[in-house]
Amino acid sequence: MYSHFNRPEIEVREKAFELFKLGYGYKRASQELNVNVHTMRDWFRMFRRGHPENVFTIRTTVAYDLALRERIVAKRNREGTPYAKLSEEFGIPASTIRKWVKRAEEKARWEKGLSAN
C-alpha cells in the first residue's frame with residue numbers, strides 16, 4: 001500500500017482517473033489499485049470538482065503568497081465562507097485554509113496578550 005513516503009506513480013493516478021470515469025467510487029478504486037483509501041478519496045474529490053489535473057501532479061510543499069493567504073483568511077472571517085467553497089474558489093486544499101485561519105486566530109490571541117501586559 002502506498003503512503004506519504006511511497007507515492008503512487010503517475011500510471012496509478014491515471015488508472016484511478018479512468019476508474020472514476022467508469023463510475024467507480026473511491027473505496028472500490030482504492031481496493032482495485034491498492035492505494036490508501038484516504039488518498040483515493042482526495043483524488044476522487046478533485047476529479048468530481050473538475051480539477052483532474054491535480055490528480056496527476058505530485059504535490060510538494062507550495063509556498064502561497066502572503067497577500068493571498070491574508071485575503072482568504074479575511075474572507076473566511078468576514079463572510080463566514082465555508083472552507084470547501086474557499087477551496088473550490090482558490091484551488092487550495094480546505095485543510096490548508098483551515099490551518100491558515102487557525103494560525104491567524106492564534107496570532108491574534110498572542111498579540112492581544114502582549115498588548116494587555
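What you are looking at is a predicted structure, and each value in this text was computed from that prediction instead of being measured.
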Contact check, side chains of R109 and E105, non-hydrogen atoms, under 4.5 Å: yes
Under 3.5 Å: donor-acceptor pair, side chain of S30, backbone of V35: yes
Whether T81 side chain and R76 backbone form a donor-acceptor pair below 3.5 Å: no
OG1-CD1 distance between T96 and I72, expressed to the nearest 0.5 angstrom: 9.5 Å
Side-chain touch K75/R71, heavy atoms, less than 4.5 angstrom: no
Other residues, nucleotides, ligands: >12 heavy atoms within 6.0 Å of R98 CZ: yes
Shared hydrophobic cluster for V73 and L66 (ILVMFWY, side-chain gaps under 4.5 Å): no
Cation-pi, Y24 ring and R28 (6.0 angstrom, 45 degrees): yes
Point-to-point distance, once rounded to the nearest 0.5 Å, from CD of E79 to CG of L86: 8.5 Å
From CG (L33) to CG (L19), nearest 0.5 Å: 5.0 Å
F47 and F17 aromatic ring geometry - parallel, tilted or perpendicular at 30°/60° bounds: perpendicular
Spacing of I97 atom CD1 and E89 atom CD [to the nearest 0.5 Å]: 9.0 Å
Cationic N near anionic O, under 4.0 Å, E32 to K15: no
Cation-aromatic face contact R48/F20, 6.0 Å, 45 degrees: no
side-chain contact (heavy atoms from CB on, under 4.5 Å) evaluation trace for E18 with E14: CA-CA 6 Å; E18 291 302 318; E14 289 172 347; 5.7 Å; no
Inter-residue atom distance M46.CE - R13.CZ, 0.5 Å rounding: 8.0 Å
Pairwise distance CD(Q31) to CE(M40) - rounded to 0.5 angstrom: 10.0 Å
Near-ring test W100/Y64, centroid separation under 6.0 angstrom: yes
